[in-house]
Amino acid sequence: MDILRLITAGSVDDGKSTLIGRLLYDSKSILQDQLEVLEKHSKNKNDDGVDLALLTDGLRAEREQGITIDVAYRYFSTSKRKFIIADAPGHVQYTRNMITGASNSDLMVILIDARKGVIEQTRRHSIIASLLKLKKVAVAINKMDMVDYSEDVFETIKTEYSKIAEGLGLSDVTYFPISALKGDNIVSLSPVTDWYKGSSLLEYLEEVQFDQEQNSGSRFQVQYVIRPQTEELHDYRGYAGQIVSGSFQKGHKIAILPAGIITEISAIEVNGAEVQEAFEGQPVVIQIKDDIDVSRGDFFTSAEDLPNVEKEIEVLLCWLDHKTMQPGNKYLLQHHSRQLKAVVKQVDYKINVNTLEKETAEEDIKLNEIAKVTIRTAQPLVFDDFISNKKTGSAILVDETSNATVAACIIQ
């Protein structure tokens with residue numbers, strides 16, 4: 001069975017944790033001892049006598065306040081598919097946690113409270129889905145039981161969100177009228193929404209298909225240089241790492257970047273055995289024909305399909321730190337196993353999450369703000385743009401003093 005990675009997003013108290021709890025509960029993915037503990041600690045009980053949100057809100061502070069603070073991952077499966085669900089917090093100050101969960105997801109389920117409609121956090125999370133190039137979005141209009149399962153309310157919210165989705169380029173959006181607390185249209189269709197002609201949310205998640213998109217180009221980044229220097233392996237020099245994208249074959253011409261030297265692959269090892277070809281995601285050891293100075297962080301790429309090699313890059317970033325960011329600030333740019341000194345050359349604009357418009361950045365960039373920034377690095381960076389290769393088109397900024405991650409970057 002294939003695995004679907006999804007994230008639930010929405011504002012505070014939209015019912016994200018309850019929805020995931022409902023999926024786990026109704027799919028029989030909860031062990032008996034977990035159920036007993038759940039019943040013991042439940043305060044906001046549903047008709048079955050349990051508070052489903054407690055299945056994902058595991059931190060003591062989360063349970064005491066009835067909110068989600070950190071991203072929680074839950075796993076369950078049906079007869080058709082396995083699922084990894086990230087339950088992200090809805091508070092504005094935890095947007096950075098939400099981006100962490102969304103970066104590894106295939107699909108986003110955005111919850112909207114039927115009583116409130118589309119609000120700022122809905123727009124914010126939709127922007128994140130757009131920035132991270134998530135192909136499909138499911139909009140679950142929750143708490144329909146509190147608006148008497150009104151079709152008019154559902155259609156009004158659907159129309160309003162459609163305009164936002166169109167502006168962000170989210171072309172594949174599916175809408176569901178649900179009640180996570182009551183279980184309506186979660187696992188099976190509910191008779192109380194007989195006007196709704198679509199599928200249940202779980203049926204959609206089981207059946208939704210994704211195009212097998214290929215990250216462009218063959219890319220391999222050196223993580224470790226193996227040089228045993230023993231009598232048996234006196235001249236052995238191998239370069240260990242994981243194939244980031246594409247494939248590599250013995251005998252193929254490759255470019256060593258950022259040096260720009262062309263050479264040839266003399267051997268590829270997987271699990272200690274030589275192979276003719278290795279593919280994306282495989283950890284390998286590659287040997288090359290010529291003696292070249294290769295260090296950790298250097299890239300091996302196809303000689304016919306070269307990435308960009310630049311000292312100046314434009315990125316869209318989400319600021320993750322309490323300290324503000326301004327032009328001239330210095331950071332470390334972490335790009336897989338390569339770390340470079342970097343400086344913020346200029347802030348081009350900020351994105352207003354309410355209007356989705358580009359605004360002049362007259363002040364410093366603050367926590368959770370999204371901005372387009374030009375960064376200059378001390379040494380050349382090897383990269384692709386995010387649209388053509390997500391893995392080599394993303395990076396993080398790290399504070400030089402505290403070593404804290406301060407920004408998530410999408411290279412344009």
[atom1]/[X]: more than 12 non-hydrogen atoms of other groups inside 6.0 Å:
X    : atom1 : value
E363 : CD    : no
Y236 : OH    : yes
E312 : CD    : yes
I387 : CD1   : no
D290 : CG    : yes
K366 : NZ    : yes

Under the salt bridge (charged side-chain N to carboxylate O under 4.0 Å, His left out) rule, collect the residues that match up with E274, sequence neighbours excluded.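 Residues passing salt bridge (charged side-chain N to carboxylate O under 4.0 Å, His left out) with E274: K250.
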Interatomic distance, [X] atom [atom1] to [Y] atom [atom2] [nearest 0.5 angstrom]:
X    : Y    : atom1 : atom2 : value
I411 : E310 : CD1   : CD    : 11.0 Å
I410 : L317 : CD1   : CG    : 9.5 Å
T193 : F154 : OG1   : CZ    : 9.0 Å
K133 : L170 : NZ    : CG    : 9.5 Å
D113 : I157 : CG    : CD1   : 8.0 Å
S218 : E304 : OG    : CD    : 9.5 Å

Could you go through F299 and F220, starting from their C-alpha distance and side-chain angles, then the distance that decides it, and tell me whether this counts as ring pair (Phe, Tyr, Trp, His ring centres under 6.0 Å)? CA-CA 6 Å; F299 269 92; F220 167 85; 8.6 Å; no
Examine distances only and state if a side-chain atom of [X] and a backbone atom of [Y] form a donor-acceptor pair shorter than 3.5 Å.
X    : Y    : answer
E269 : A267 : no
H125 : Q121 : yes
E203 : S200 : yes
S105 : L107 : no
E264 : K289 : no

Does a side-chain N-to-carboxylate-O contact under 4.0 Å join [X] and [Y]?
X    : Y    : result
E280 : K391 : yes
D348 : K358 : no
K182 : D145 : no
D2   : R81  : yes
K350 : E369 : yes

How far apart are the C-alpha atoms of D106 and K136, what are their side-chain angles, what is the distance that settles it, and do they pass the salt bridge (Lys or Arg N to Asp or Glu O under 4.0 Å) test? CA-CA 8 Å; D106 303 311; K136 298 180 188 291; over 6 Å; no
Counting C-beta onward and ignoring hydrogens, is there a side-chain heavy-atom pair between [X] and [Y] closer than 4.5 Å?
X    : Y    : result
L332 : I396 : no
S162 : Y175 : yes
I110 : S126 : yes
I313 : F383 : yes
N142 : I112 : no
V309 : L381 : no
Y331 : I375 : no
I164 : V118 : yes

Evaluation steps, side-chain contact (heavy atoms from CB on, under 4.5 Å), between R124 and N368: CA-CA 10 Å; R124 187 185 295 267; N368 293 317; 4.0 Å; yes
Check [X] against [Y] and note the closest heavy-atom contact, atom names and distance.
X    : Y    : result
I186 : S179 : CG1-O, 4.0 Å
C409 : V315 : CB-CB, 4.1 Å
F83  : S77  : CD1-CA, 4.4 Å
T122 : G117 : OG1-O, 4.4 Å
I292 : Y239 : O-OH, 3.6 Å
R227 : R237 : NE-NH2, 3.2 Å

Does a donor on one side chain and an acceptor on the other come within less than 3.5 Å for [X] and [Y]?
X    : Y    : value
S190 : Y196 : no
T78  : E206 : yes
Q412 : E314 : no

Trace of the side chain to side chain donor-acceptor pair (under 3.5 Å) decision for D305 with S302: CA-CA 5 Å; D305 186 9; S302 168; over 6 Å; no
Please determine whether side-chain contact (heavy atoms from CB on, under 4.5 Å) holds for the pair L4 and L205, giving the CA-CA distance in whole Å, both sets of side-chain angles, and the decisive distance to 0.1 Å. CA-CA 8 Å; L4 176 65; L205 296 177; 4.2 Å; yes
Step by step, work out the side-chain contact (heavy atoms from CB on, under 4.5 Å) result for L19 and L201. CA-CA 10 Å; L19 171 62; L201 180 60; 3.8 Å; yes
Please report whether the ring centroid of Y204 lies less than 6.0 Å from that of F176.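 Yes - the distance between ring centres of F176 and Y204 falls below the 6.0 Å cut-off.
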If a pair satisfies side-chain hydrogen bond (donor to acceptor under 3.5 Å, both in side chains) and one of its residues is in residues 333-344, list it, with sequence neighbours excluded.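 For residues 333-344, and leaving out neighbouring residues, the side-chain hydrogen bond (donor to acceptor under 3.5 Å, both in side chains) pairs sorted by first residue read Q221-S337, Q334-Q339.
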Let me see the working for R219 and D384 under salt bridge (Lys or Arg N to Asp or Glu O under 4.0 Å), right down to the final yes or no. CA-CA 10 Å; R219 309 284 185 257; D384 297 279; 2.9 Å; yes
Is there a side-chain contact (heavy atoms from CB on, under 4.5 Å) between I178 and D184? Walk through the geometry before answering. CA-CA 5 Å; I178 67 166; D184 298 311; 5.8 Å; no
